[in-house]
Amino acid sequence: MNIDIIAGARPNFIKIAPIIDAIKSKKADGYEINYRLIHTGQHYDKNMSLQFFEELNIPKPDLNFEVGSGSQASQTAAIMISYENLLKTEKPDLCLVVGDVNSTMACAIVAKKAQVKVIHVEAGIRSGDLAMPEEINRIVTDSLTDYYFTTTKTASENLIKEGINESNIYFVGNVMIDTLNKFMSSFKPPKVWADLNLQEKSYVLLTMHRPSNVDAENSLKAIIDTVCENSNGLPVVFPVHPRTLKTLNQLNINYDRLYTIPPLGYLEFNYLTKYAKVVITDSGGITEETTVMGVPCITVRNSTERPETVTIGTNELVGTKSERIKLYLNKLFNEGWKEGKIPEKWDGKSAKRIVDILISNMS
Ligand code: UD1
Ligand code: UDP
């Protein structure tokens, strides 16, 4: 069995790492399973790409399309053209895509049109918000997928509601947590830890990158102002995503306690997450990591495709309004936070489940 594994953006790298490990281990056991790793080049800065390959021991990609940045359509189209050209010369049996970025949808469409079966890892999650490019990517990808691997029962149910045949849906848990569990003992403090003499629970960790929060100067400024003014005197550490940096550079923000730094590597970022008093974010993956590590998390969005991080985990979905962010920060500092539990099958074994299922379906 030959599988193309597609990865393009930061969260993709974290998701494919354990899948490649699981494939390699099956191959070592004598199974006929091969993969070709394709990097689309959607993310390309060292600290958004190569750094993750090095830290998570991901093999060098067999190909890199180097599509770079662009509008939604131009980036998606560039990935589609590159992948279509590749499939003209060599077609795999299966194309495995993860998550919900443009690379995910682009390659799913091309594979399906070339009669290559599509595997979607992290299928079925839905925010219900079609203003998010990711929601469109999820819906289109899942409309073409052959094998659906889900992180939660809710995601499986979403697919069933959309008319997907139940026998093609496999609830396997969360590959992001496979990576988290595997590397937790290797987390290491970033430079900012010593520079600011940070201590456990003595700082706020902030990340923002959703277009709706960071593309407009007033939205980003309001979030930063609110966080800095309501963080109970604690330092706010803000690793800045490149999309966000473009807007931040236009703003005149000056808080003594705000420390903006470049995006961090996985091991350093998750060290900061693990010991933060609270993480304030609009990321999807980070809400899953805080849930597993039991760290309070405030999500500055109006919807989430990961409801279990709120109903089971330590996340609160607070919306984007300043008063709401302030309310939840006050709650954290004055009343404390919910404990949270780890969702079912977020146990570090999801990639192995996926590869076992693929092998048993193919043989
Ligand atoms: C993308 C995904 C989003 C995911 C996020 C993870 C889509 C539609 N969006 O958003 O779902 O949560 O990745 O981080 O696929 N840039 C750089 N260097 C890089 C990459 C990007 O400078 O290595 C800058 C460019 O100016 C680019 C902008 O960031 O235009 C946005 O990058 P893009 O990949 O289009 O979307 P993200 O916001 O990163
Ligand atoms: N992450 C990282 N360094 C950072 C910010 C995030 O390693 O400076 C990791 C984080 O631990 C998680 C993933 O990147 O595993 C989340 O990616 P992102 O927030 O960019 O995307 P999303 O999950 O929202 O699609």
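Sequential numbering from 1 along the given sequence is applied to the chain's residues. Every number for a ligand or one of its atoms is a count from 1 in the order of the listing.
In this structure the side chain of Asn174 never reaches within 4.5 angstrom of the side chain of Lys345, judged on heavy atoms.
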N/O pairs closer than 3.5 Å, ligand 2 and protein:
unit_1: ligand 2; atom_1: 3 (N); unit_2: Leu264; atom_2: O; d: 2.7
unit_1: ligand 2; atom_1: 8 (O); unit_2: Leu264; atom_2: N; d: 2.9
unit_1: ligand 2; atom_1: 11 (O); unit_2: Asn270; atom_2: ND2; d: 3.0
unit_1: ligand 2; atom_1: 11 (O); unit_2: Glu289; atom_2: OE1; d: 2.7
unit_1: ligand 2; atom_1: 11 (O); unit_2: Glu289; atom_2: OE2; d: 3.3
unit_1: ligand 2; atom_1: 15 (O); unit_2: Glu289; atom_2: OE1; d: 3.4
unit_1: ligand 2; atom_1: 15 (O); unit_2: Glu289; atom_2: OE2; d: 2.5
unit_1: ligand 2; atom_1: 19 (O); unit_2: Ser283; atom_2: OG; d: 2.7
unit_1: ligand 2; atom_1: 20 (O); unit_2: Arg10; atom_2: NE; d: 3.0
unit_1: ligand 2; atom_1: 20 (O); unit_2: Arg10; atom_2: NH2; d: 2.9
unit_1: ligand 2; atom_1: 23 (O); unit_2: Ser283; atom_2: OG; d: 3.4
unit_1: ligand 2; atom_1: 23 (O); unit_2: Gly285; atom_2: N; d: 2.8
unit_1: ligand 2; atom_1: 24 (O); unit_2: His209; atom_2: NE2; d: 3.4
unit_1: ligand 2; atom_1: 24 (O); unit_2: Arg210; atom_2: NH2; d: 2.7
unit_1: ligand 2; atom_1: 24 (O); unit_2: Ser283; atom_2: OG; d: 3.2
unit_1: ligand 2; atom_1: 24 (O); unit_2: Gly284; atom_2: N; d: 2.8

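The shortest N/O to N/O separation between Lys246 and ligand 1 falls below 3.5 Å. In terms of polar-atom proximity, His209 is counted as a contact of ligand 1, with an N or O under 3.5 Å from an N or O of the ligand.
Under 3.5 Å, the side chains of Lys221 and Asn218 contain no donor-acceptor pair of N or O atoms. Asn102 and Gln42 form no side-chain donor-acceptor contact under 3.5 Å, judged by distance and modelled atom types alone. Side-chain contact annotation: Glu135 with Asn137, donor-acceptor N/O pair under 3.5 Å absent.
Residue Arg243 touches ligand 1 through backbone and side chain together, judged by heavy-atom distances below 4.0 Å. Contacts with ligand 1 closer than 4.0 Å are made by no heavy atom of Pro211, backbone or side chain. Contact annotation for Met48 and ligand 1: only side-chain heavy atoms (C-beta onward) come within less than 4.0 Å of the ligand.
For atom 18 (N) of ligand 1, the nearest protein heavy atom (residue, atom name, distance) is Asp45 OD2, 2.9 Å. For atom 8 (C) of ligand 1, the nearest protein heavy atom (residue, atom name, distance) is Asn102 OD1, 3.2 Å. If you check which protein heavy atom lies closest to atom 32 (O) of ligand 1, you get His43 NE2, 4.3 Å. Protein heavy atom at the shortest distance from atom 3 (C) of ligand 1 is Glu134 OE2, 3.1 Å. Ranking protein heavy atoms by distance to atom 25 (C) of ligand 1, first place goes to Ser69 OG, 3.3 Å. The nearest protein atom to atom 2 (C) of ligand 1, hydrogens excluded, is given as Val101 CG1, 3.7 Å; this is a heavy-atom distance. Distance from atom 6 (C) of ligand 1 to its nearest protein heavy atom, with residue and atom name: Pro11 CD, 3.5 Å. Considering only non-hydrogen protein atoms, atom 22 (O) of ligand 1 sits nearest to Pro242 CB, 3.3 Å.
Taking every non-hydrogen atom of His241 and a distance limit under 4.0 Å, the qualifying atoms of ligand 1 come out as 14 (O), 37 (P), 38 (O), 39 (O). Atom numbering of ligand 1 starts at 1 in the shown order; those under 4.0 Å from a heavy atom of Arg210 are 11 (O), 12 (O).
Here the rule is side-chain contact (heavy atoms from CB on, under 4.5 Å) with Tyr266, and of Phe13, Tyr271, Phe187 only Phe187 fits it. Residue Arg36 forms a salt bridge (charged side-chain N to carboxylate O under 4.0 Å, His left out) with just one option from Asp4, Asp93, Asp62, and that option is Asp4.
Tyr44 has its ring centre no less than 6.0 Å from the ring centre of His39.
Listed by first and then second residue, the ring pair (Phe, Tyr, Trp, His ring centres under 6.0 Å) pairs involving residues 196-226 are Trp193-Tyr203, His209-His241 (not counting sequence neighbours). Every pair passing ring pair (Phe, Tyr, Trp, His ring centres under 6.0 Å) that includes a residue from residues 117-155 is listed here, sequence neighbours excluded: Phe149-Tyr170.
Close to ligand 1: Gln72, with a non-hydrogen atom less than 4.0 angstrom away.
The distance from atom OG of Ser25 to atom CD1 of Ile33, rounded to the nearest 0.5 Å, is 10.0 Å.
Side-chain N or O atoms of Arg324 include none that pairs as donor or acceptor with a backbone N or O of Gly319 at under 3.5 Å. Put simply, the side chain of Thr311 gets close to the backbone of Pro307: a donor and an acceptor are under 3.5 Å apart. One N or O on the side chain of Thr104 and one on the backbone of Val98 form a donor-acceptor pair closer than 3.5 Å.
Every residue two or more places apart in sequence or in another chain was checked for a salt bridge (Lys or Arg N to Asp or Glu O under 4.0 Å) with Glu32, and none qualifies.
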